[in-house]
K.L.:
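Input: one structure, supplied below.
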Amino acid sequence: MKNFVKAAVIVLAGVILAASPAFAKKDKGGGGPQIPPVITADQAKSAVTAAIPKLAVGKPFTKQGKQGDIKFEVPLSLEDKIVAKVRLNPATGEILLKGQNPFVQKLSVTPEQATKTVQEMMPGAQVGPPWLGKQGEWKVPLLYKGAIIAEMGVHGQNGSILPDWKASKDATMFGK
C-alpha cells in the first residue's frame, strides 16, 4: 500500500508540473526586456518643468463612462502634440485629482469655463517625483495644490516629452 501511495504522489506531482506552464500568467509587457534609461529622474523632472510654461490648453471634450456617467477632459499640448490631459468634474468644473471619479450624468460646465479653469491652474502646476514606466520611459506627475492631476511621459533615452497616445485618440474621437 505504501508503494501505491508513493507512486500516486509522484504521478500527481508530475501532472501538476507538466500542466503548470499551461496555466502560467501570460506576460503583457512590451515584448521584451526593459531598456535602462540614459536620462536620470532629475533630468526627466527638469524636462517637464521646462515644458510647463509652453503647454497649450486644448479644446475640452466629453466622453461616456462605463456606467453611463460623463467624463470631462481637457488636453494639454506641446508643439501640437497632446502630452497629457486634465480631468474636470462635469458638474462643478473643478479639477479632479488622478483617481477621482465622480458619478455625474449631466454636463453643467461650458467648454469656455473648462478652458479658463485649466489656463488659470497652469501657472500653479508643479512637478512631482518621477517613476520609471514599463517601456523604460519616465512618468512625471503634474501636481496642483500638492496632488497629482496628470502625468507626462519623458523618453528614457533622449529626454523628449512623449505624446499621450490615449489622450490624443480620445480628443480625436470625442472632440467635436
Side-chain angles (χ1 to χ4, degrees), residues 27-63 65 70-102 104 109-176:
D27 179 22
K28 293 183 183 177
Q34 182 185 52
I35 299 169
V38 173
I39 303 300
T40 66
D42 284 339
Q43 290 170 319
K45 187 174 178 177
S46 294
V48 172
T49 301
I52 288 176
K54 301 173 190 171
L55 292 176
V57 177
K59 184 178 176 185
F61 62 89
T62 59
K63 61 183 185 179
I70 294 174
K71 306 291 182 195
F72 195 33
E73 300 178 353
V74 180
L76 300 176
S77 299
L78 179 67
E79 298 169 1
D80 295 325
K81 289 183 266 178
I82 295 175
V83 295
K85 67 181 176 189
V86 176
R87 292 181 46 247
L88 300 170
N89 184 324
T92 64
E94 294 174 323
I95 293 175
L96 295 173
L97 306 180
K98 195 158 173 73
Q100 272 187 312
N101 291 310
V104 178
V109 181
T110 67
E112 294 77 22
Q113 290 169 320
T115 300
K116 183 179 177 192
T117 297
V118 176
Q119 285 173 336
E120 289 173 354
M121 175 276 309
M122 288 307 296
Q126 298 175 320
V127 179
W131 63 88
L132 204 51
K134 291 179 184 175
Q135 261 64 69
E137 79 284 8
W138 289 104
K139 295 291 190 177
V140 184
L142 291 180
L143 309 176
Y144 180 63
K145 296 183 180 178
I148 298 174
I149 58 165
E151 62 187 51
M152 292 174 60
V154 176
H155 196 285
Q157 302 302 307
N158 63 22
S160 63
I161 304 293
L162 296 171
D164 182 334
W165 298 113
K166 185 176 181 326
S168 297
K169 180 180 143 194
D170 287 349
T172 301
M173 286 177 57
F174 303 109
K176 296 173 184 124

K.L.:
From Thr115 OG1 over to Glu120 CD, what is the distance, rounded to the nearest 0.5 angstrom?
P.N.:
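One finds 11.0 Å between OG1 of Thr115 and CD of Glu120.
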
K.L.:
Does any part of the side chain of Leu76, heavy atoms only, come nearer than 4.5 Å to the side chain of Asp164, both counted from C-beta?
P.N.:
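Asp164 does not reach Leu76 side chain to side chain.
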
K.L.:
With a cut-off of 6.0 Å (strictly less than), are more than 12 heavy atoms of other residues, nucleotides or ligands near NZ of Lys63?
P.N.:
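Above 12, so yes.
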
K.L.:
Let me confirm one number: the NZ-CZ distance from Lys169 to Phe174, rounded to the nearest 0.5 Å.
P.N.:
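Going from the NZ atom of Lys169 to the CZ atom of Phe174 covers 8.0 Å.
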
K.L.:
State the CE-NZ distance between Met121 and Lys145, to the nearest 0.5 angstrom.
P.N.:
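It is 11.0 Å, given to the nearest 0.5 Å.
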
K.L.:
Give me the atom names and distance for the closest heavy-atom approach of Gly159 to Ala47.
P.N.:
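Scanning both residues completely, I find the closest heavy atoms to be O-CB, 3.8 Å.
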
K.L.:
Can you see which heavy atom on Ala84 is nearest to which on Met152, and at what distance?
P.N.:
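That would be CB-CG, 3.8 Å.
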
K.L.:
Using a 3.5 Å distance criterion without hydrogens, assess whether the side chain of Trp138 forms a donor-acceptor pair with backbone atoms of Ile39.
P.N.:
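Yes, the answer is positive, given that a donor and an acceptor are paired below the 3.5 Å cut-off.
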
K.L.:
Does Thr117 have any side chain to side chain contact (heavy atoms under 4.5 Å, CB included) partners at least two apart in sequence or in another chain, and if so, which?
P.N.:
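Applying side chain to side chain contact (heavy atoms under 4.5 Å, CB included) to Thr117 gives Leu88, Ile95.
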
K.L.:
Sequence neighbours left out, what passes side chain to side chain contact (heavy atoms under 4.5 Å, CB included) with Asn158? Give chain and number order.
P.N.:
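If we apply the side chain to side chain contact (heavy atoms under 4.5 Å, CB included) test to Asn158, skipping adjacent residues, the hits are His155, Ser160.
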
K.L.:
Would you compute the distance between atom CD1 of Ile149 and atom CG of Leu143 and round it to the nearest 0.5 angstrom?
P.N.:
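Ile149 CD1 to Leu143 CG: 8.0 Å, rounded to 0.5 Å.
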
K.L.:
Has the side chain of Gln157 got a donor or acceptor atom that lies under 3.5 Å from a matching backbone atom of Pro36?
P.N.:
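Side chain of Gln157 to backbone of Pro36, a donor-acceptor pair under 3.5 Å: yes, one is there.
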
K.L.:
Check Ile82 against Ser77 and note the closest heavy-atom contact, atom names and distance.
P.N.:
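The pair with the smallest heavy-atom distance is CG1-OG, 3.7 Å.
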
K.L.:
Should Asn101 and Lys71 be marked as a side chain to side chain contact (heavy atoms under 4.5 Å, CB included) after you check the CA-CA gap, both sets of side-chain angles, and the distance that decides it?
P.N.:
CA-CA 8 Å; Asn101 291 310; Lys71 306 291 182 195; 3.8 Å; yes

K.L.:
Considering non-hydrogen atoms only, spot the tightest contact between Asn89 and Val104 and give its length.
P.N.:
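Taking every non-hydrogen atom into account, OD1-CG2, 3.8 Å.
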
K.L.:
Does any non-hydrogen side-chain atom of Leu162 lie less than 4.5 Å from one of Gln135?
P.N.:
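Of all side-chain heavy-atom pairs linking Leu162 with Gln135, none is under 4.5 Å.
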
K.L.:
Closest heavy-atom contact between Gly93 and Val109?
P.N.:
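So the minimum-distance heavy-atom pair works out to N-CG2, 3.3 Å.
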
K.L.:
With a 3.5 Å distance limit and no angle check, can you tell me whether Glu112 reaches the backbone of Thr110 through a side-chain donor-acceptor pair?
P.N.:
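A pair under 3.5 Å: no.
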
K.L.:
Indicate yes or no: at least one non-hydrogen side-chain atom of Leu142 is less than 4.5 angstrom from one of Ile52.
P.N.:
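Sidechains of Ile52 and Leu142: in contact.
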
K.L.:
So with a 6.0 Å cut-off around CH2 of Trp131, is the heavy-atom count from everything else above 12?
P.N.:
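Counting other residues, nucleotides and ligands, CH2 of Trp131 exceeds 12 neighbours.
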
K.L.:
Which atom names give the shortest non-hydrogen contact between Ile70 and Pro90, and what distance separates them?
P.N.:
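Closest pair (atom of Ile70, atom of Pro90, distance): O-CG, 3.4 Å.
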
K.L.:
Could you give the distance from NZ (Lys54) to CE (Met122), rounded to the nearest 0.5 Å?
P.N.:
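One gets 13.0 Å once the value is rounded to the nearest 0.5 Å.
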
K.L.:
Calculate, to the nearest 0.5 Å, the distance between atoms CD and OG1 belonging to Glu73 and Thr62 respectively.
P.N.:
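So the gap between those two atoms works out to 9.5 Å.
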
K.L.:
How about Ile161 and Val48: do any of their side-chain heavy atoms sit closer than 4.5 Å?
P.N.:
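Yes. Closest side-chain heavy atoms under 4.5 Å.
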
